Amino acid sequence: MSTTETTAQAKTKAPPLPETMPAVEPLQMSQIDMLKIAPTRDERLFLVLSIFIGIISGLLVVSFRVAINWIQTLTLGSAPQAGLLRLIFVPMIMGAVVAALVQFFFPAARGSGVNQTKAALYIYNGYISFKTVIGKFITSALAIGGGFSLGPEDPSLQIGAGVASVISRRLGMSRQRLRLFAPVGAAAGLAAAFNAPIAAILFVIEEVIGRWSAAVLGSVVLSAISSVVVARRFWGSEPMFQIPSVTVTDSRELLAYAVLGVIGGLAASIFSHALGYLRPRLRNLPRWTFFVQSPIAGLCVGLIGFFGFPQVMGPGYEVMDRAMHGQFLWTTLMALALLKILATTISFSSGTPGGMFAPTLFIGAMLGASIGTFEKIHFPYLHITVGAYALVGMGVLFAAFLRVPLTSVFMVLEVSGNYSIILPVILANTIAYLVSRSLQPHAIFEVFTHQDGLDLPSMEEQREEVVLHLEDGLRPLSVPVIDAGMTLSAAAAELDAKQAEVFLVQLPGHAWYSMTRAELGTLAAVSAPETVVASVLKPDRIPLLFPDLPLDSALPHLARWPILPILNRARRGTIEGTVTLADVLSRYQAT
Amino acid sequence: MRTIPFFRSSTPLTPAERLAKRQLVFKDTLALLSVFAVTCVLAVLTWLIFRSYSQHQRDAAARWKRRGEAALKHNNADAAVYDLRTSLGYGLGDPGTEVQLAGALAQAGRLQEAAVYFNTLWEKEPGNGNINLQLARLAVRQGQMAPALDHYHAAIYGVWEGDGAIRRRQVRLELVRYLIQQKRLGDARDELLIAAGNDTTTPGLMEVAGMLAEANDPADALRIYHEVAGRRPVEPKALEGTGQMAFLLARYKMARTYLDRAVKASNAAQPLADRALAEKNLQTANAIMAIYPSEELPRRERLRRVLHAHDVAQKRYLACANGTAGHTTTPQNGSKQIQNNEQMASLGNRWQSMRPKLTVAVLGDDAQLEQTTMQLVYDTEQLTAQVCGEPTGEDAALLRIAQSPDSIDR
């Protein structure tokens with residue numbers, strides 16, 4: 001709702017005033033000082049709306065998942081199996097329908113939804129149109145239900161963000177708040193899709209917001225919890241995957257998980273490179289090809305299904321569950337992992353709406369279960385649980401491919417409800433993350449962002465950044481330090497002797513003051529020579545600065561002070577060194 | 001507790017600002033109510049959609065499960081695997097279907113898949129009796145005795161739903177059959193004795209007694225058959241079992257009694273397990289009891305039988321010694337033959353040392369002679385059977401008596 005609409009509505013809905021009172025001319029919206037009449041309105045509405053956004057997102061995500069399953073049943077049949085011709089035709093036809101819908105009606109529905117949400121946050125002031133929400137819902141449901149190797153989580157994230165954007169606009173929230181609503185809704189959508197509120201919150205912080213932000217954290221938590229409560233009302237509170245408790249009794253077993261970490265890191269790198277290679281090439285083809293890319297991708301996926309691996313079609317959660325229950329041979333699992341990489345690369349690069357989360361989990365689960373089954377056969381003394389390996393494999397791919405190491409750990413814990421697995425998860429995820437980073441420096445969503453010509457903040461980039469501290473820019477104390485009890489004449493004499501242009505004054509109580517020789521000369525000219533230095537100083541004092549503080553924390557003070565002492569935290573009377581504006585700038589320029 | 005107004009204002013407001021504030025409150029209230037209404041409508045719609053979806057899922061899971069079970073009944077394991085898997089896809093985590101699927105995999109010969117599947121189920125429920133039983137069967141099929149025994153025992157002491165006691169007993173008997181197959185008869189007997197204590201009904205005891213006989217434990221089998229045979233109504237098979245076990249234990253008097261009762265009590269409704277064998281053994285028992293000089297007989301009759309046994313054995317010795325027994329001798333090596341010859345020579349000496357004219361009166365006067373005579377009879381029958389082959393007729397009966405002379409009357 002625009003501001004003019006709001007004012008008009010306010011005019012029409014205003015209650016009539018008593019006749020005895022003088023008529024008050026209503027203020028125009030532009031004339032209202034919101035901070036004066038309702039200083040906390042935005043903040044409180046933000047929290048209340050976060051709950052509503054969570055509930056509505058949860059309901060929409062439940063409907064979205066149901067829609068996908070219905071479409072899958074209606075089009076691919078209740079039990080798709082290799083050799084059925086419909087496995088070839090259905091994805092192709094669905095691809096054609098989805099391509100037409102995207103090209104003619106919902107161009108913003110293209111892609112996974114994560115980068116679009118991030119772009120909405122940082123570029124479009126949190127704006128996601130209602131049409132995009134509808135389009136994402138319909139096209140993603142058709143594509144995923146029609147057998148494309150894509151997942152419902154990323155679209156759910158964008159649907160949640162869209163819901164938040166629509167609601168916040170209707171409430172006439174400030175621009176600053178509008179921007180923050182997108183991650184709030186994104187967390188709600190993802191939390192409902194995953195049934196994992198903590199992982200959703202962390203993912204939104206790690207990937208969507210791209211930095212830790214206390215301003216939005218409360219609302220993100222509220223919306224994520226609300227949506228999960230709604231989702232659990234429908235799907236039940238059972239974790240998505242159930243595996244037995246994992247006890248690592250033999251330390252050699254950790255070595256086996258480390259192997260999984262290495263293989264997962266390699267697989268993530270292959271997956272990432274494949275997408276990074278194919279996606280821009282397909283996007284750069286002539287526009288008319290956008291109408292045929294999805295059908296061709298559907299045909300390719302359908303052929304994989306037709307010729308023996310229908311498991312790679314759709315999100316594949318039931319296949320992951322089967323893998324965890326040891327229903328496949330390790331060779332089959334490995335084949336499924338590789339074919340899923342192929343199918344997802346084709347599906348996603350064609351621009352078909354759908355997410356990467358489920359395929360990532362699928363590939364990870366297959367790899368993990370494959371390695372677990374192999375080790376169980378060949379190293380029976382290790383007491384290996386295949387389900388645990390599949391679960392750790394999910395986390396491994398999540399950490400290595402999406403580059404969200406923190407989210408990956410909590411995601412595994414939440415989807416399994418099993419905290420006994422934490423040690424193998426942390427070990428394998430860390431190894432996979434490091435392997436993947438060494439082979440592919442940029443996270444996949446960052447790659448997509450750059451391919452789309454955008455530049456959005458990323459926590460992965462922040463991790464790479466070298467943060468400078470005061471200790472990096474300080475130089476040893478080389479200016480005179482004068483006691484505040486000295487007389488002006490004595491101080492001037494000392495400065496003359498040392499030929500110093502600036503100096504520090506030490507005051508009682510570890511307070512410090514700095515001034516130039518010229519400033520001292522000015523003071524000396526208007527004061528008696530016996531006057532003590534302390535008595536002529538201005539009342540302000542140098543703020544306490546310590547070596548571990550960021551280098552830029554000195555900048556605001558260098559306009560006032562010619563030199564800043566950097567103090568020891570334990571002994572404030574001890575100066576570790578000093579910084580000047582020239583020191584700070586030269587340190588930044590040297591980076 | 002201090003309450004903070006929703007629209008807190010620190011400075012006094014002008015009348016226009018107060019009006020604007022009221023309008024803002026009204027507008028926000030209306031907007032929130034709208035959002036609430038939308039949420040309610042969406043919730044109802046979602047609930048309706050989800051209810052229909054859930055019903056479909058349940059129906060599909062049940063339908064595929066029925067198909068799978070039907071396929072299993074028709075021994076179409078491959079189809080059952082497919083159907084049950086599909087059912088599980090609709091009803092994730094249904095433990096019964098999971099076990100059925102794993103069983104179908106095993107039935108389809110996909111043992112490795114089945115083993116992995118069952119192991120995963122076992123990891124979730126290590127105390128589940130059915131899963132342990134299936135794992136035991138898989139191990140049996142894969143020829144892995146140690147894990148098979150472990151899982152059988154875990155199944156016996158595991159958790160069963162509903163008919164736990166019956167299922168545990170069935171598993172124990174299955175274990176016994178496996179142990180018998182593996183020639184671990186001692187272990188089988190131990191399990192059977194426990195099984196006998198767990199089910200004291202007539203069919204239960206009969207089953208255990210039969211398996212005890214298979215496990216080469218006729219004594220315990222006899223005890224159980226005998227117990228059942230004493231029950232009313234009379235179970236002909238229990239009579240038959242008692243008779244047969246008694247026969248095996250050379251308790252021919254008892255065997256004769258019970259086999260006779262069994263043959264007489266059996267009819268079309270209650271046939272014997274092996275009537276021909278029962279009749280043959282009854283005949284043998286009758287023959288033995290007709291010749292056996294039982295302590296329970298009147299003294300004269302007993303001495304007459306001793307005298308008769310003496311005559312029969314003497315003839316047998318002479319026939320064998322002269323090589324005219326009419327039986328083919330078994331091939332023997334040289335040392336064995338020398339040993340037999342020596343034993344025959346020794347036996348001949350004992351026969352020569354016997355009184356030439358043995359009568360009932362002579363036997364009656366010398367109690368020691370009765371014992372010596374019977375011992376000579378028994379030794380003769382055993383040695384001649386060894387040297388000249390299995391005897392027939394009364395010699396065969398005497399040989400049976402010679403093999404366990406003290407148990408005949410028991």
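Only this structure's heavy atoms are used, side chains among them; waters, hydrogens and symmetry mates stay out. Quick note on labels: first sequence line is chain A, next is B, and so on, each numbered from 1. This structure is a prediction, so every number in the text was calculated from the model and none was measured.
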(message) Counting the benzene-type ring for Trp, do A:F234 and B:W47 have ring centres under 6.0 Å apart?
(response)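 No: the rings miss the under 6.0 Å criterion.
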
(request) Sort by residue number and list every member of residues 73-84 of chain B having a non-hydrogen atom under 4.5 Å from chain A. (result)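 Listed by number: B:Y82.
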
(request) Not counting sequence neighbours, which residues clear side chain to side chain contact (heavy atoms under 4.5 Å, CB included) with B:A195? List them please. (result)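 B:A195 satisfies side chain to side chain contact (heavy atoms under 4.5 Å, CB included) with B:R172, B:L173, B:V208 once adjacent residues are dropped.
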
(request) Just jot down the side-chain hydrogen bond (donor to acceptor under 3.5 Å, both in side chains) partners of B:Y178, sequence neighbours excluded, or say none. (result)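 Not a single residue meets the side-chain hydrogen bond (donor to acceptor under 3.5 Å, both in side chains) criterion with B:Y178.
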
(request) Answer yes or no: is there a side-chain heavy-atom contact under 4.5 Å between A:V61 and A:V230? (result)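 They are not in contact (no side-chain heavy atoms under 4.5 Å apart), so the answer is no.
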
(request) For the residue pair B:V140 and B:H151, establish whether any side-chain heavy-atom pair is separated by less than 4.5 Å. (result)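 Heavy-atom side-chain distance check fails, nothing below 4.5 Å.
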
Under 4.5 Å from any heavy atom of chain B - which part of [X]:
X	value
A:I167	side chain
A:R322	side chain
A:T332	neither

Side chain, backbone, both or neither: which part of [X] has an atom under 4.5 Å from a heavy atom of chain A?
X	result
B:S52	both
B:W64	side chain
B:L101	side chain
B:T86	side chain
B:R51	neither
B:A43	both

(request) Report yes or no: does B:R189 contribute a side-chain atom to a donor-acceptor pair with the main-chain N or O of B:R184 at less than 3.5 Å? (result)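 Absent.
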
(request) Would you check if the side chain of B:S87 reaches a backbone N or O of B:A61 as a donor-acceptor pair within less than 3.5 Å? (result)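 Here the side-chain-to-backbone pair exists.
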
Side chains of [X] and [Y]: do they bring a donor and an acceptor to under 3.5 Å?
X	Y	answer
B:W122	B:N132	yes
A:Y389	A:E375	yes
A:S165	A:R169	yes

(request) Give the member of A:T373, A:V386, A:I55, A:L329 that has the highest number of heavy-atom pairs under 4.5 Å with chain B. (result)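 Option with the greatest count: A:L329.
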
(message) Enumerate the salt bridge (charged side-chain N to carboxylate O under 4.0 Å, His left out) contacts for residues 48-61 of chain A, please, sequence neighbours excluded, ordered by first and then second residue.
(response)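 Pairs touching residues 48-61 of chain A that pass the test: none.
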
(request) Heavy-atom pairs under 4.5 Å with chain A are the metric here; pick the option from B:T39, B:L105, B:L45, B:I49 that has the most. (result)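 Heavy-atom pairs under 4.5 Å are most numerous for B:T39.
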
